[in-house]
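Just below is one structure, and these are the notes that go with it.
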Amino acid sequence: DQARDVGHVDHEVGTHLVGDRPEPRPVHDLRVGRESGDDHPRLVLDGQALLHPREDSEAARLARECYAAHYGTARLRELAEEAKAAGLAVVIWSYPRGPNLDKQAETAVDICAYAAHMAALLGAHIIKVKPPTEHIGLEAARKAYEKVDISTLAKRVEHVVQSCFNGRRIVVFSGGEATSTDALLETVRGLRDGGANGSIIGRNSFTRPREEALDLLGTIIEIYQGKA
C-alpha cells in the first residue's frame, strides 16, 4: 500500500498520503504484517522478547536469503512482502552507490534523505543510513534545499527522518569513519537532537580496548536516554 513511483524527496515534505492507485491511501504507523508465533520473530519494542524462528520455517529461510545480500529494488520489494507475510520486521541498510555518485555525494543530505525515503517505500520498518553532510549531491535539488535548514547535523537528521513517512519509520544511523571519542559523541548528540532512533557503532567500538569500548557504548546509550 505504498507508492512505487514518486517524485524527488524534496516534493514529499510532510507526507501523510501515498499510493499508486487512483486515490492516495494513508501512511500507517510502524507495524509488522501479522501476529507472531513461536516461529515468527517480530519487531521488539519496550523490552519484549524476540522469538527465534525454527530452522525449517519460512521466516528462517528468508533470514538466510537476506543475510549480507545486496539486491536491486524489485527483488528487495518482493523480499519485504515475503518477510512481512512471515511475521518478520524488514530492515534496509540504504547506502547510495553507483557510477554517478562520487564519495562526497554518498553522504550528501539530499542523497541520504532520498535513500531513506526509498527504503520506506520499499517496505522497511527499520532504515539505516549514514549521517548526512551539508553537501548537496544533485544540482537539480539545490534550489529546493534553499528552503530547508540543513546548517547543523541535527537539522539534517530531522530532514532525513521526516523523509521516512514523516517520522513513521525507525531510522538509525551508522557510526561513520573511525574517529576520536569526543568527535563521535558530538555526532551522536546531533543525531539524537535530530530525532534519530539510534546509532549502529562498529569500528568506533571494536577498534578500541574492551573496557574503553564498553564505556563509550554506555555513554552513547546515556546520550540517547537524555542523561549525557
Side-chain angles (χ1 to χ4, degrees), residues 30 41 43-45 47 50 52 60 62-72 76 79-80 83 88-98 101-109 111-120 122-135 137 152-154 156-161 163-164 169-228:
L30 184 67
L43 192 63
V44 179
L45 297 172
L50 177 62
H52 296 281
L62 284 164
R64 286 193 295 269
E65 181 173 355
C66 292
Y67 179 74
H70 296 79
Y71 290 103
L76 189 54
L79 283 170
L88 289 169
V90 178
V91 183
I92 295 180
W93 293 29
S94 197
Y95 287 3
R97 295 285 192 274
L101 292 178
D102 57 26
K103 193 69 174 177
Q104 192 176 22
E106 290 179 2
T107 54
V109 62
I111 302 297
C112 284
Y114 193 56
H117 183 64
M118 291 306 298
L122 287 168
H125 297 105
I126 304 172
I127 299 162
K128 181 190 176 190
V129 290
K130 293 185 177 183
T133 67
E134 199 171 356
H135 180 66
T152 66
L153 176 59
R156 296 191 293 273
V157 168
E158 181 181 325
H159 176 63
V160 171
V161 172
S163 299
C164 299
R169 296 296 180 265
I170 293 174
V171 185
V172 296
F173 291 80
S174 68
E177 301 294 330
T179 187
S180 69
T181 297
D182 288 344
L184 177 61
L185 296 180
E186 181 181 358
T187 296
V188 171
R189 289 187 177 93
L191 296 173
R192 176 204 60 192
D193 293 345
N197 296 108
S199 296
I200 294 182
I201 306 296
R203 76 197 74 187
N204 276 300
S205 60
F206 63 68
T207 56
R208 286 172 162 81
R210 176 180 172 80
E211 292 304 317
E212 182 182 340
L214 291 174
D215 286 343
L216 173 64
L217 294 174
T219 301
I220 290 171
I221 291 171
E222 290 181 347
I223 289 173
Y224 277 106
Q225 291 175 333
K227 299 177 182 179

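This one's a predicted model, so the numbers in the text were calculated from it and none came from an experiment.
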query = Between Thr107 (side chain) and Thr133 (backbone), is there a donor-acceptor pair under 3.5 Å?
reply = no

ask   = Considering residues at least two apart in sequence or located in another chain, which fulfil the side-chain hydrogen bond (donor to acceptor under 3.5 Å, both in side chains) criterion with Arg189?
value = none

ask   = When rounded to the nearest 0.5 angstrom, what is the spacing between NE2 in His117 and OG in Ser94?
value = 11.0 Å

ask   = With no hydrogens and no angle check, is any side-chain donor or acceptor of Asn197 less than 3.5 Å from a backbone partner on Val171?
value = yes

query = Does Glu212 have any side-chain hydrogen bond (donor to acceptor under 3.5 Å, both in side chains) partners at least two apart in sequence or in another chain, and if so, which?
reply = Arg208

request  = Quick one: closest heavy-atom pair of Gly175 and Asn204, and the distance?
outcome  = O-ND2, 3.3 Å

query = Excluding sequence neighbours, so at least two apart, what forms side-chain contact (heavy atoms from CB on, under 4.5 Å) with Ser174?
reply = Tyr95, Lys128, Lys130, Pro131

ask   = Who pairs with Glu134 by side-chain contact (heavy atoms from CB on, under 4.5 Å), at least two apart in sequence or on another chain?
value = Ile150, Arg156

ask   = CZ of Phe173 to OG1 of Thr187: how many Å apart, nearest 0.5 Å?
value = 11.5 Å

inquiry  = Among residues at least two apart in sequence or on other chains, which ones pass salt bridge (Lys or Arg N to Asp or Glu O under 4.0 Å) with Glu177?
reply    = Arg203

task = Report the C-alpha separation of Asp182 and Glu186 in whole Å, then their side-chain angles, then the decisive distance to 0.1 Å, and conclude whether the side chain to side chain contact (heavy atoms under 4.5 Å, CB included) test is met.
result = CA-CA 6 Å; Asp182 288 344; Glu186 181 181 358; over 6 Å; no

query = Say you draw a straight line from CD1 of Ile92 to CG of Leu76; how long is it, rounded to the nearest 0.5 Å?
reply = 4.0 Å

ask   = Residues two or more places apart in sequence or in another chain: which of them pass salt bridge (Lys or Arg N to Asp or Glu O under 4.0 Å) with Arg97?
value = Glu106

Heavy-atom pair of closest approach, residues Gly194 and Val161 = O-CG2, 4.3 Å

request  = Please name the pair of heavy atoms, one in Ser205 and one in Ala213, separated by the smallest distance, quoted to 0.1 Å.
outcome  = O-CB, 3.2 Å

Residues that Ala116 engages under side-chain contact (heavy atoms from CB on, under 4.5 Å), provided they are two or more places apart = Ile127, Val129, Val160, Cys164

Mind listing the side-chain donor-acceptor pairs of residues 215-228 below 3.5 Å, one per line with the distance, residues two or more places apart or on another chain?
unit_1	atom_1	unit_2	atom_2	d
Thr219	OG1	Asp215	O	3.0
Tyr224	OH	Gly198	O	3.4
Tyr224	OH	Ser199	OG	2.6

query = Which atom names give the shortest non-hydrogen contact between Leu153 and Pro132, and what distance separates them?
reply = CD1-O, 3.7 Å

query = Can you list the residues that meet the side-chain contact (heavy atoms from CB on, under 4.5 Å) rule with Asp102, with sequence neighbours excluded?
reply = Gln104, Ala105

task = Quick one: closest heavy-atom pair of Leu184 and Ile201, and the distance?
result = CD1-CD1, 4.3 Å

